[in-house]
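Working notes, structure below.
Given the structure is predicted, the values throughout are model-derived calculations rather than measurements. Lettering of chains follows the sequences in order, A, B, ..., and the numbering in each one begins at 1.
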Protein chains: 2
Amino acid sequence: MAKPVGIREVAEAAGVSVTTVSHALNGKGRLPLETRTRVRAVAADLGYTPRIAARNLGGGRSGLIGLFMSEAEGLPSTLSGNNYFTELLGAATGAALEHGYALVLATAANSQSEPWRRWALDGAIVVDPVRGDPVLTALREADMPLVTTGRPTDGIETYWVDNDIVAGTRSMLDHLARRGARRIALIDSAPIRSVGLDLREAYAAFCADTAMAPMIAEAAWDLSEHAGFDAALQLLERADPPDAIYTSYDRLALGVLLAADASGLSVPRDLLVAGCTDSVAARMSSPSLTVLTLNPTDVGTRAVELLVALLEERPAPEHEYVATGIISRGSTRRSSRRGRNLPAVGLAEQLGELAAEAG
Amino acid sequence: MAKPVGIREVAEAAGVSVTTVSHALNGKGRLPLETRTRVRAVAADLGYTPRIAARNLGGGRSGLIGLFMSEAEGLPSTLSGNNYFTELLGAATGAALEHGYALVLATAANSQSEPWRRWALDGAIVVDPVRGDPVLTALREADMPLVTTGRPTDGIETYWVDNDIVAGTRSMLDHLARRGARRIALIDSAPIRSVGLDLREAYAAFCADTAMAPMIAEAAWDLSEHAGFDAALQLLERADPPDAIYTSYDRLALGVLLAADASGLSVPRDLLVAGCTDSVAARMSSPSLTVLTLNPTDVGTRAVELLVALLEERPAPEHEYVATGIISRGSTRRSSRRGRNLPAVGLAEQLGELAAEAG
DNA sequence: TCCACAAGCAAAAACGTATTGCCTAATTCC
DNA sequence: GGAATTAGGCAATACGTTTTTGCTTGTGGA
């Protein structure tokens, strides 16, 4: 067990003082370039890594970014079965490490213990904050540098990275209309995040523009297939049922597919279905599901980079939008001649998409 | 901006020295119970939270646990579309916070920077280490308390939490045999993790026991539906095609479903299909997919608790097994009378399962 | 020639906690 | 009743880095 190499060892090896080493490595002080490079070389040679804990003690940076999953009371874990969040998390982790930071995971459930206190986080990312999220206000009060994905809905001003949900929703509704839909219904849960509010806003605007009567069914908060199923049945049993359903989450849309099946309706012949957020399940359902992807990878990366820029006091945009995109699949395909849903069609498409991904 | 309350403030408020406060809060030293409780009350009253960085400086614990996703060269992120890992991660996060630790995410990609150095991690969890994983050996050399999920395959001795893959696989193969399968093929990628080795071992044993000729197709490492599709076609084009296929990952099995479709085979009438690890996609495919669930939630929780026990020097089992379970769904359902795959059957089942989950 | 100033570096303080050793008073043991 | 022990608590110190202060040497201008 060799003694871990600290700044002292570097100083000794380079024949200078610890001060000089610190200055050389951090670009502070007034040192001739020669000394700077020499010290750096020695440090690298010895495999020196500053201990963040020590640096942090003196008021410096901890190199830790908290990633908070905002959760509402009684909701299941954001993470569970949530492809959007998973992708976002993976991208954020990579981006953080790339900039010399590490991601610390935290949930609202344990926010009472105030992790930012214990671990002296440099900054925090709150993913899709729900209305009245105590974590968000607590972080704000603690003056924690803060970036949210999705906008806070409480009038709290933060830096954020968001999708242009209004535009994206509009494009999806247009997509459905182009495919022949005349009565498009919306399924979502009670809006407690900015994404939900934007969705309703866009839907209302679309209805106004096209003189279409709004049809909204509210899904249970757990956002499961079950919730989508129930909400869809509610819509399909109306006297004037919709001919297309758009949902705010892909798992809801998968439930809609089941409900259509149960109601003896064929998708896409009798009913067009589309969801928001992409996932393996959306690709593999039958028929495969047309979705509005929110590009969670980009959202996660941009959020981290925005926060890091903030921390390092580089100029950064207060707000940033990430593009959405429509992935058109079987559930909104124009009906085939034979009027039935050909599995083979879905198959070819699925494999085509997979190949495109691989390539 | 009030001055953050430190141990000094608590000491002053309680009318004792900082030493006494430290001892009272950490259960060290010799103090009468009365003093202990009083100091604790004062600390709680002031909202005191020890700063981990400072504690860590004196050789104490950082309260940070590294969670490393072991990845092989050229493989896509473990996280992407991987329900197993996602569930594990969520559970691990919660368990860690419950014990006063926080999870730090790290990937193999950036392991060169040796995060455990920078952030002084107390311990690490490596998820399903691949053979020759440099992270694992580096952590081992740094004497980092270590728990892996799945066993290391390099002869490295660590604490681990694992599924009994051998027994689980056997039960699944039995399940398929009971459903009438006589020629069960296996699809997996080249075994670079303990789970793969166990799977092959169990398969080989099953073949020996039942005098069944082994049929193994190797899938591409990306473990996508595409990989499963290719491997399945390879099997189905044989002169003696299998009547059941078991895959080492659910997304591979989803690819098998597509391949069966493309080959004009009906699942489960002509071919039984089962996968390993559960997911939303497995539940929502058509037919829904029978899987061997590895209960990732338990694996994650147990791994954290084992590591925490290690760190706190409580007695802990070196190795621990988490139960697997067969979730029987449409893809291994005994063919219905009418000999075709009724969507309604899959539907009822899916919703039943969802209801059971909700209840 | 002397002073002001810059450059280069060393010494020391500060950060907040845990730990070690020591001191006093109280108790127990002969 | 004296000595030994124990309980209770405090002061001092260590941890590794950054930052502040200050010292020395050299250099230019007055």
Separation of atom CG in Leu25(A) from atom P in dT19(D), rounded to whole Å: 12 Å

Value in whole Å for how far the P atom of dT17(D) lies from CZ of Arg51(A): 7 Å

Summary of protein contacts for nucleotides 20-27 of chain D, nucleotide by nucleotide, where a base hit scores B, a sugar-phosphate-only hit scores S (4.0 Å, heavy atoms): B-B-----

Touch class at under 4.0 angstrom, heavy-atom based, for Val16(A) against every strand present: sugar-phosphate

side-chain N/O Arg55(A) vs dT18(D) OP1/OP2, d < 4.0 Å: yes

Residue list, ring pair (Phe, Tyr, Trp, His ring centres under 6.0 Å) with His99(A), at least two apart or on another chain: none

Glu34(A): salt bridge (charged side-chain N to carboxylate O under 4.0 Å, His left out) partners, not counting sequence neighbours: Arg38(A)

Donor-acceptor contact present, side-chain Ser22(B) to main-chain Val18(B), <3.5 Å: no

Rounded distance in Å - OH (Tyr48(A)) to P (dT18(D)): 5 Å

Exam field: side chain Asn295(B) to backbone Ala323(B), donor-acceptor pair closer than 3.5 Å: yes

Atom-to-atom span, CD of Glu12(B) to P of dC10(D) - whole angstrom: 13 Å

Whichever of Val5(B) and Leu31(A) has its nearest DNA chain C nucleotide further upstream toward 5': Leu31(A)

5' priority, DNA chain C, between Lys28(B) and Ala54(B) [closest heavy atom]: Ala54(B)

Report, one line per pair, each donor and acceptor closer than 3.5 Å where one atom sits in a side chain of residues 89-96 of chain B; sequence neighbours left out.
residue	atom	partner	partner atom	Å
Thr93(B)	OG1	Leu89(B)	O	2.8

Separation of atom CG in Leu33(B) from atom C1' in dA7(D), rounded to whole Å: 14 Å

Sugar-phosphate, base or nothing in reach of Asn56(A), heavy atoms under 4.0 Å: nothing

Under 3.5 Å donor-acceptor, Glu9(A) side chain and Gly6(A) backbone: yes

Where chain B begins and ends its contact with DNA chain C, read 5' to 3' at 4.0 Å from heavy atoms: dG16(C) to dC22(C)

Side-chain donor/acceptor of Arg193(A) to backbone N/O of Pro129(A), under 3.5 Å: no

Close residues, residues 34-45 of chain A, relative to DNA chain D [heavy-atom separation under 4.0 Å]: none

Any Ser22(A) side-chain nitrogen or oxygen under 4.0 Å from OP1 or OP2 of dT17(D): no

Any donor-acceptor N/O pair, Ser17(A) side chain to Thr20(A) backbone, under 3.5 Å: yes

Aromatic ring pairing His319(A)/Trp160(A), orientation class (parallel under 30°, perpendicular over 60°, tilted between): parallel

N/O donor-acceptor pair under 3.5 Å between Ser194(A) side chain and Gly150(A) backbone: no

Spacing of CG belonging to Asp122(A) relative to CE belonging to Met144(A), to within rounding of 0.5 Å: 8.0 Å

